Amino acid sequence: MGGAPEQRICVARLGAAHGVRGEVKLWSFTADPAAVVDYGPFETADGRTVEIEALRPAKEFFVARLKGVADRTAAERLRNAELFVPRERLPAPEDSDEFYHADLIGLAVVDASGAALGSVVALHNFGAGDIVEVRRAESRDTVMLPFTQAAVPEIDVPGGRIVVAAEAFEAAANSETRS
């Protein structure tokens with residue numbers, strides 16, 4: 001039984017308890033936020049299984065009733081838990097400009113000539129747009145690049161690489177060495 005370990009995707013995060021009957025706040029990361037219930041059951045990072053019994057919208061999140069969680073104390077034990085599902089349970093992206101972050105992690109990063117620059121270690125969004133974090137080929141340092149068409153003009157998931165604009169990579173690398 002060799003083979004790669006099962007790839008999991010984070011589709012939601014639980015927040016604080018909501019009320020006293022065991023409901024929790026839930027933030028969905030799926031394209032259709034309410035469809036998150038269709039992907040369950042979920043697993044937390046520490047291996048707990050979570051099932052959503054009911055979901056209703058609130059102001060900037062959902063309120064979820066979870067199977068086996070009947071009071072505020074039990075709900076608080078799940079605070080900040082991320083909910084994962086196996087990658088194969090999710091639909092394929094609908095267009096060529098849509099990706100799951102997990103599909104990009106580990107891809108080689110090259111410039112337009114094919115020269116190795118590093119590999120993708122993470123994608124972030126700190127509020128001003130997506131950022132791709134690249135571990136440099138020649139060191140343990142990382143470089144943060146805007147995840148835009150200008151900085152990352154080509155993404156080739158089947159080919160295992162992304163192409164970045166050399167000038168964007170150098171500008172990011174130089175700004176981080178000055179900080």
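Quick caveat: nothing in here was measured; it's all calculated off a predicted structure. In this chain, residues are counted from 1 in sequence order.
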Among residues at least two apart in sequence or on other chains, which ones pass side chain to side chain donor-acceptor pair (under 3.5 Å) with Asp103?
Arg87
Could you please spell out the steps behind the salt bridge (Lys or Arg N to Asp or Glu O under 4.0 Å) verdict for Lys67 and Glu53?
CA-CA 6 Å; Lys67 183 177 182 179; Glu53 288 186 341; over 6 Å; no
Please confirm whether Arg89 makes a cation-pi placement over Tyr39, using NZ or CZ under 6.0 Å from the six-membered ring centre and within 45° of the ring normal.
no
Selection residues 11-24 - residue pairs positive for salt bridge (Lys or Arg N to Asp or Glu O under 4.0 Å), sequence neighbours left out
Glu23-Arg56
Determine whether Leu90 and Val11 satisfy the following criterion, side-chain contact (heavy atoms from CB on, under 4.5 Å), listing intermediate values before the conclusion.
CA-CA 10 Å; Leu90 298 174; Val11 295; 4.1 Å; yes
Verify the cluster assignment for Phe84 and Ile9: are they in a single hydrophobic cluster under the rule of side-chain heavy atoms below 4.5 Å apart?
no
Should Val134 and Val110 be counted in the same cluster of Ile, Leu, Val, Met, Phe, Trp and Tyr side chains packed under 4.5 Å apart?
no
Please name all residues satisfying salt bridge (charged side-chain N to carboxylate O under 4.0 Å, His left out) with [X], sequence neighbours left out, ordered by chain then number.
X      : result
Asp130 : none
Glu138 : Arg136
Glu133 : none

Could you give all pairs that pass the ring-ring contact (aromatic ring centres under 6.0 Å, His included) test and reach residues 46-77, with sequence neighbours left out?
Trp27-Phe61
Check this for me: does any side-chain nitrogen of one of Arg48 and Glu43 sit under 4.0 Å from a carboxylate oxygen of the other?
no
Enumerate donor-acceptor pairs with a distance under 3.5 Å from any side-chain N or O in residues 28-38 to protein atoms, sequence neighbours excluded.
unit_1: Ser28; atom_1: OG; unit_2: Thr30; atom_2: N; d: 3.3
unit_1: Ser28; atom_1: OG; unit_2: Thr30; atom_2: OG1; d: 2.9
unit_1: Ser28; atom_1: OG; unit_2: Pro33; atom_2: O; d: 2.9
unit_1: Thr30; atom_1: OG1; unit_2: Asp32; atom_2: O; d: 2.8
unit_1: Asp32; atom_1: OD1; unit_2: Ala34; atom_2: N; d: 3.3

Would you list the atom pairs, donor with acceptor, under 3.5 Å between side chains in residues 112-121 and any protein atom, with sequence neighbours excluded?
unit_1: Ser113; atom_1: OG; unit_2: Asp111; atom_2: OD1; d: 2.7

If you look at every heavy atom in [X] and [Y], which pair is closest and at what distance?
X      : Y      : result
Val63  : Ala58  : CG2-CB, 4.0 Å
Val69  : Gly22  : CG1-O, 3.3 Å
Arg135 : Thr142 : NH1-CG2, 3.5 Å

Distance-only donor-acceptor hits, side chain of residues 73-83, under 3.5 Å, sequence neighbours excluded:
unit_1: Glu76; atom_1: OE1; unit_2: Arg79; atom_2: NH1; d: 3.0
unit_1: Glu76; atom_1: OE2; unit_2: Ala17; atom_2: N; d: 3.1

Working to the nearest 0.5 Å, report the span between NZ of Lys59 and NZ of Lys25.
12.0 Å
Would you check if Val50 and Thr44 make a side-chain contact, meaning some heavy-atom pair closer than 4.5 Å?
yes
Residues 143-172 side chain polar contacts: donor-acceptor under 3.5 Å, at least two apart:
unit_1: Thr148; atom_1: OG1; unit_2: Ala151; atom_2: N; d: 3.2
unit_1: Gln149; atom_1: NE2; unit_2: Pro153; atom_2: O; d: 3.1
unit_1: Glu154; atom_1: OE2; unit_2: Arg161; atom_2: NH2; d: 3.3
unit_1: Asp156; atom_1: OD1; unit_2: Gly159; atom_2: N; d: 2.9

